[in-house]
There are 2 protein chains.
Amino acid sequence: MTAATEPGRATRRRGDALLDAIYAAVMEELAEVGYPALSIERVAERARTGKASIYRRWPTRLDLVLGAIDHVMPRLDDVPDTGNIRDDLLLVLRRIGAVMGSRNGIAARACVDGTDDELARAVRERLIPPRKEMMLALLHRAAGRGEINADAVTQRIAETGPMLLHGELLQRGVITDAAISEIVDEVLLPLLRA
Amino acid sequence: MTAATEPGRATRRRGDALLDAIYAAVMEELAEVGYPALSIERVAERARTGKASIYRRWPTRLDLVLGAIDHVMPRLDDVPDTGNIRDDLLLVLRRIGAVMGSRNGIAARACVDGTDDELARAVRERLIPPRKEMMLALLHRAAGRGEINADAVTQRIAETGPMLLHGELLQRGVITDAAISEIVDEVLLPLLRA
DNA sequence: ATTGTAAGAAACGCAACCGTTCCTTATGGT
DNA sequence: ACCATAAGGAACGGTTGCGTTTCTTACAAT
């Protein structure tokens with residue numbers, strides 16, 4: 001009847017197009033109400049699909065949410081290497097901060113900080129170790145160059161940057177560039193050179 | 001008919017006894033399902049009272065929750081003063097850590113970390129500034145004694161200890177004494193003496 | 001002992017979700 | 001052009017929570 005590409009009327013999607021829409025809807029719901037209050041019904045409505053298409057694919061709410069996080073959270077790829085520890089730190093913290101502050105980051109945080117232990121553990125295991133490894137790689141390289149004290153490269157200090165970013169977001173609601181510089185210059189670098 | 005102090009049958013409470021029961025029930029619910037999924041119905045059931053007694057007192061869910069937090073979270077009283085910055089830090093972080101890890105601490109964290117901005121802001125404003133002031137008081141005294149570098153006593157560093165405790169709880173689920181010692185000896189003291 | 005107050009319990013109509021089923025028709029593959 | 005597949009929608013009965021109302025009765029104050 002009407003043209004296939006009518007504006008208001010979304011055409012019927014399959015495969016990845018549909019998956020993407022559902023995953024996006026899950027992240028939005030997570031960010032807004034968190035996991036315990038997330039309802040399949042609203043996810044379906046948001047993704048402009050039916051509940052059946054969701055129940056057909058995921059047996060439980062937990063599977064759906066973990067699927068969404070796996071699909072949507074950026075795998076971090078290249079470790080920055082400017083040849084300068086300060087610039088490396090600024091880059092990596094800015095990148096982590098940007099992810100944390102994004103809509104998907106807020107959704108993921110709602111899971112990590114949330115009240116469901118199983119979900120929190122699963123999401124933590126996915127997101128935290130890679131960031132920590134990245135920090136450690138960076139610090140080891142700097143120690144090799146003699147820029148920082150090799151004894152200061154510990155698990156604890158590798159965690160400190162991301163933890164402070166997280167705290168910053170919790171306390172102030174936003175991660176500014178000034179805050180990142182402060183964390184680097186006032187906390188991390190003094191520690192690494194101690 | 002039966003004796004007034006019959007064991008299984010709780011007698012009808014008024015005033016503070018009832019208030020305490022309701023507030024405790026709110027904190028339990030917060031810790032288990034968080035704010036968006038907290039229902040007045042379950043709070044009433046948990047407190048062994050009726051919904052009417054709750055609606056009679058608090059106009060909204062938010063008022064109820066804030067009331068519970070105000071009533072239940074410990075006001076921190078004396079600033080520790082051992083004459084030694086390391087011991088002061090250990091004491092204060094242990095105290096904060098104990099509160100964070102308690103049932104009420106978990107409930108409060110569910111609010112602070114949660115998805116409701118209004119609630120998160122209100123709870124943050126109640127809990128964070130006093131802790132931060134405590135840290136600052138402690139650090140200023142130590143600087144006065146010449147134990148640490150006066151230039152190192154900044155807002156940021158005063159926040160760092162509690163933030164790392166928070167991160168510790170999120171990542172490992174528990175705050176051990178070993179973790180506190182590590183934070184003090186590996187992060188805070190080196191920074192303060194830099 | 002009497003009396004005002006509010007606790008506790010039950011029920012109201014209403015709305016949101018649950019997880020499932022059924023039907024249609026658009027869509028991609030052949 | 002045909003056809004198997006699954007998307008999109010609607011409706012199912014059941015549960016949970018909403019916020020309010022009503023009633024009985026335990027309690028505290030006098």
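Protein chains get the first letters and strands the later ones, always in sequence-line order, with residue 1 at the start of each. On a predicted model such as this, the values are computed, not experimentally measured, just so you know.
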Hey, is [X] close enough to [Y] for a salt bridge, meaning N to O under 4.0 Å?
| X | Y | value |
| --- | --- | --- |
| Glu182(B) | Arg156(A) | yes |
| Asp63(B) | Arg57(B) | no |
| Asp177(A) | Arg94(A) | yes |
| Glu32(A) | Arg46(A) | yes |

Quick check for you: among dG17(D), dA6(C), dG19(C), whose closest atom lies nearest to any side-chain atom of Ile40(A)?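 Closest nucleotide among those given: dG19(C).
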
Between dG8(D), dA7(C), dA9(C), which one does the side chain of Arg12(B) approach most closely?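 Out of dG8(D), dA7(C), dA9(C), the nucleotide with an atom closest to Arg12(B)'s side chain is dA7(C).
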
Does any N or O donor sit under 3.5 Å from an N or O acceptor when you compare the side chain of Lys51(A) with the base of dG9(D)?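 No.
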
Is the base of dT16(D) touched by the side chain of Arg42(B) through a donor-acceptor pair closer than 3.5 angstrom?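 No pair found.
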
If Ile, Leu, Val, Met, Phe, Trp and Tyr residues are connected whenever their side-chain heavy atoms lie under 4.5 Å apart, and connections chain through other members, are [X] and [Y] in the same group?
| X | Y | value |
| --- | --- | --- |
| Leu164(A) | Leu188(B) | yes |
| Leu189(B) | Leu192(A) | yes |
| Met163(A) | Leu136(A) | yes |

Candidate pair Asp88(A) and Leu139(A), rule side-chain contact (heavy atoms from CB on, under 4.5 Å), full reasoning: CA-CA 9 Å; Asp88(A) 281 356; Leu139(A) 296 182; over 6 Å; no

Can you tell me which stems DNA chain C forms, taking runs of 3 or more consecutive Watson-Crick or G-U pairs with both distances under 3.5 Å?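 When the pairs of DNA chain C are grouped into runs of at least three, the stems are C:1-30 with D:1-30.
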
Whichever of Ala52(B) and Arg56(A) has its nearest DNA chain D nucleotide further upstream toward 5':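 Looking at the nearest nucleotide for each, Arg56(A) comes out on the 5' side.
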
Take atom [atom1] of [X] and atom [atom2] of [N], then tell me their distance rounded to the nearest Å.
| X | N | atom1 | atom2 | answer |
| --- | --- | --- | --- | --- |
| Arg57(B) | dT5(C) | CZ | P | 15 Å |
| Leu19(B) | dA6(C) | CG | P | 13 Å |
| Glu45(B) | dC18(D) | CD | P | 12 Å |
| Arg48(B) | dG8(C) | CZ | P | 10 Å |
| Tyr35(B) | dG17(D) | OH | C1' | 15 Å |
| Arg14(B) | dA7(C) | CZ | C1' | 7 Å |
| Tyr55(B) | dA9(C) | OH | C1' | 16 Å |
| Leu18(B) | dA28(D) | CG | C1' | 15 Å |

Using a cut-off of less than 4.0 Å, is there contact between a side-chain N or O of Thr49(A) and OP1 or OP2 of dG8(D)?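 Yes, because at least one side-chain N or O of Thr49(A) sits under 4.0 Å from OP1 or OP2 of dG8(D).
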
Among residues 58-65 of chain B, which contact DNA chain C at a heavy-atom distance under 4.0 Å?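 The stretch gives none, as no residue of it lies under 4.0 Å from the strand.
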
How is Ala44(B) classified with respect to the nucleic acid when contacts are heavy atoms under 4.0 Å: base, sugar-phosphate, or nothing?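 Result for Ala44(B) = nothing.
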
Hey, does the side chain of Asn104(B) reach the backbone of Met73(B) with a donor-acceptor pair shorter than 3.5 angstrom?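 No; zero donor-acceptor contacts below 3.5 Å.
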
Arg61(B) side-chain N/O to Leu38(B) backbone N/O, donor-acceptor pair under 3.5 Å: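 Yes, the answer is positive, given that a donor and an acceptor are paired below the 3.5 Å cut-off.
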
